[in-house]
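Only a predicted model underlies this, so the values are computations on that prediction, with no experimental measurement involved.
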Amino acid sequence: MSAKSAISKEIFAPLDERMLGAVQVKRRTKKKIPFLATGGQGEYLTYICLSAIQADMKLSPEEKAITEFEPDKRTGEEGRNGVDGHRVTNKKPTQASITKVKQFEGSTSFVRRSQWMLEQLRQVNGIDPNRDSAEFDLLFENAFDQWVASTASEKCTFFQILHHTCQRYLTDRKPEFINCQSKIMGGNSILHSAADSVTSAVQKASQALNERGERLGRAEEKTEDMKNSAQQFAETAHKLAMKHKC
């Protein structure tokens, strides 16, 4: 079982929550620790998780994008539109939150730390819109953190899920997404790729029809020329025949 599947099962499932996505992170800047602070638990892994309490709702085909990830009970493998052994479902979140989860060194269990409601998210900063970057910032009403994901692709997947969830769930004040690549703001890159493929196919078919039309046009012109030449030849032959007859 992967770490993210374990987090989903251990942290969110007991509270009837579904984990929509998660990204493993490290702080870009070290957090200041008070001089008198003691009793630290050592090294740990940190995950930023997006979760929600769902209500079964029928969505339109356009809305069946990256909304929720649910373990595939048959294979447990990653689906075509899923991530880390999860698959997309058509459930709409009714209450979403962002949770910081830690796993301390030497422990197999996970610990829920800070948690914010999605409405408290004010800004998502992708740092660089021109290249794949693992760095990002999250600004909440009462907190600000600077993170670096384990990989740029993991950050991209998490941002796509986060952006889509904000668009689907938040009706009033939505967080600002800045310095993000267009593929993130586009939501489901798979759907956009498919749309691009269809557009390309239509353009190719249209071009082929135009070329065929041009060829038919040239053939018609040649046919007309041959017809005129034959007619002229017949008239000339007739004149010659009449001349010799006379």
What's the verdict on side-chain contact (heavy atoms from CB on, under 4.5 Å) for V23 and F136, showing C-alpha distance, side-chain angles and the deciding distance?
CA-CA 11 Å; V23 56; F136 67 94; 4.2 Å; yes

So which heavy atom on [X] is nearest to which on [Y], and how close?
X	Y	result
C49	A22	SG-CB, 3.9 Å
A3	F110	O-CZ, 3.9 Å
P175	L121	CB-O, 3.4 Å
I184	H163	O-ND1, 4.1 Å
K183	C156	CE-SG, 3.8 Å
A96	M117	O-CE, 3.5 Å

Within the 4.5 Å heavy-atom criterion, are [X] and [Y] side-chain neighbours or not?
X	Y	value
L20	H164	no
K102	L45	no
R173	E119	no
Q24	K4	no
F12	T99	yes
Y44	V111	no
D137	F144	yes

Apply side-chain contact (heavy atoms from CB on, under 4.5 Å) to the pair D16 and I53, showing each step before the final yes or no.
CA-CA 7 Å; D16 292 328; I53 299 175; 5.6 Å; no

In plain terms, say whether R112 and E17 are close enough for a salt bridge, that is, a side-chain N and a carboxylate O under 4.0 Å apart.
yes

Considering only NZ, NE, NH1 and NH2 on the basic side and carboxylate oxygens on the acidic side, decide whether E141 and R122 come within less than 4.0 Å.
yes

If I take atom [atom1] from residue [X] and atom [atom2] from residue [Y], how far apart are they, to the nearest 0.5 angstrom?
X	Y	atom1	atom2	result
S133	N179	OG	CG	10.0 Å
C166	I161	SG	CD1	12.0 Å
W147	I48	CH2	CD1	4.5 Å
K100	Q115	NZ	CD	12.0 Å
I127	C180	CD1	SG	9.0 Å
L162	K155	CG	NZ	12.0 Å

Would you say the side-chain atoms of Q181 and D132 include a donor-acceptor pair closer than 3.5 Å?
yes

Would Q103 and V101 satisfy side-chain contact (heavy atoms from CB on, under 4.5 Å), going step by step from the backbone distance to the final call?
CA-CA 7 Å; Q103 182 183 34; V101 175; over 6 Å; no

Starting from the C-alpha separation in whole Å, work towards a yes-or-no answer on side-chain contact (heavy atoms from CB on, under 4.5 Å) for L139 and N125.
CA-CA 8 Å; L139 174 65; N125 189 342; over 6 Å; no

Between I98 and L170, is there a shared hydrophobic cluster once you connect ILVMFWY residues whose side-chain heavy atoms come closer than 4.5 Å?
yes

Would you say V148 ends up clustered with F158 if hydrophobic residues are merged whenever their side chains have heavy atoms under 4.5 Å apart, either directly or through other cluster members?
no

Check the orientation of F140 and W116. Use parallel for under 30°, tilted for 30 to 60°, and perpendicular for over 60°.
parallel

